[in-house]
Amino acid sequence: DLRSNIADTIGTDALRHPLHVQQQGGRWYVSDLGDAGQPEIVVLSWDGTLERRIDLRGISSIPHQFAVLPDGQIVVESADDQLVVLDGDSSATFALVEVGMRLSLIAGAAGGVLHAVPGAHVTLYNEFGNIRWRMDWPWAETAFLTDIAIDRHGRIHVIAGVPRDETFIVYTMGRLDGDILQWSAPGPNATFTVERNGSFRPDSVENWLR
């Protein structure tokens, strides 16, 4: 709670193996595995009450990756190389995309969807599936994305790893144009902390190059 700075635990009875979480419109959206190991997105109210489960079997190729739009619709990458938007029990094409040999990453950002394809490009779509900006993959071909995070100010943070060097680099990107605003020195660990209230803090200012 940003007003009181009080942390609480919710969803312990509804979640089994939670992975990614996004908050939108007073609800929590969490990728999870069900009783039989099926991938699903669990929707919780603000206080942690279970509202619904969305079964992703046969829908998403990477079910732990998803984006929530401002109206509560959920966007995932389907097995037939497109982004689809889920609305109740139906789905529709959100955007046709290029996929690579490595898994894509998806997150809700700036009221739309951020889709990163390692080795190809990073794209920010608006809520209608139209491209706001797209940038060619800006890192070495050997780099891969380990995660994307959107902080409470809407800034985009990318954790990229290079297996050959066994290093990680953290980049902060502008949401309006995708320009890389700051980045860390390569190292064996990610060099930032997301604090309990959602603030972003470099672990060591000296490790940040800009």
[Y] side chain reached by [X] side chain, heavy atoms, under 4.5 Å:
X	Y	value
Trp28	Val43	no
Gln24	Gln73	no
Ile59	Val76	yes

### Query
Between Leu114 and Ile148, does a side chain to side chain contact (heavy atoms under 4.5 Å, CB included) hold up when you go through it step by step?
CA-CA 9 Å; Leu114 185 73; Ile148 295 174; 3.7 Å; yes
### Query
Do the side-chain N and O atoms of Ser45 and Glu51 include a donor-acceptor pair separated by under 3.5 angstrom?
no
Is [Y] reachable from [X] through a run of hydrophobic residues whose side-chain heavy atoms are each under 4.5 Å from the next?
X	Y	result
Val84	Val113	no
Ile74	Leu83	no
Val30	Trp46	yes
Leu86	Val97	no
Ile54	Leu50	no

Reported [atom1]-to-[atom2] distance for the pair [X] and [Y], which is rounded to 0.5 angstrom:
X	Y	atom1	atom2	result
Ile62	Leu56	CD1	CG	11.0 Å
Tyr29	Leu44	OH	CG	10.0 Å
Arg132	Thr123	CZ	OG1	13.0 Å
His115	Ile106	NE2	CD1	4.5 Å
Leu19	Phe66	CG	CZ	9.5 Å
Gln65	Ser31	CD	OG	7.5 Å

### Query
Parallel under 30°, tilted from 30 to 60°, perpendicular over 60°: which one fits the rings of His64 and His20?
perpendicular
List the atom of [X], the atom of [Y], and the distance in Å for their closest heavy-atom pair.
X	Y	answer
Leu33	Pro39	CD2-CA, 4.0 Å
Glu127	Phe94	O-CE1, 3.4 Å
Ile150	Gly108	CG1-O, 3.3 Å
Val122	Trp133	O-CZ3, 3.6 Å
Ala67	Ala107	CB-C, 3.5 Å
Ser104	Glu77	OG-OE1, 3.0 Å

#### Entry: More than 12 heavy atoms of other groups within 6.0 Å of Asp71 CG
yes
### Query
Where the side chain of Asp32 meets the backbone of Arg16, is there a donor-acceptor pair that is under 3.5 Å apart?
yes
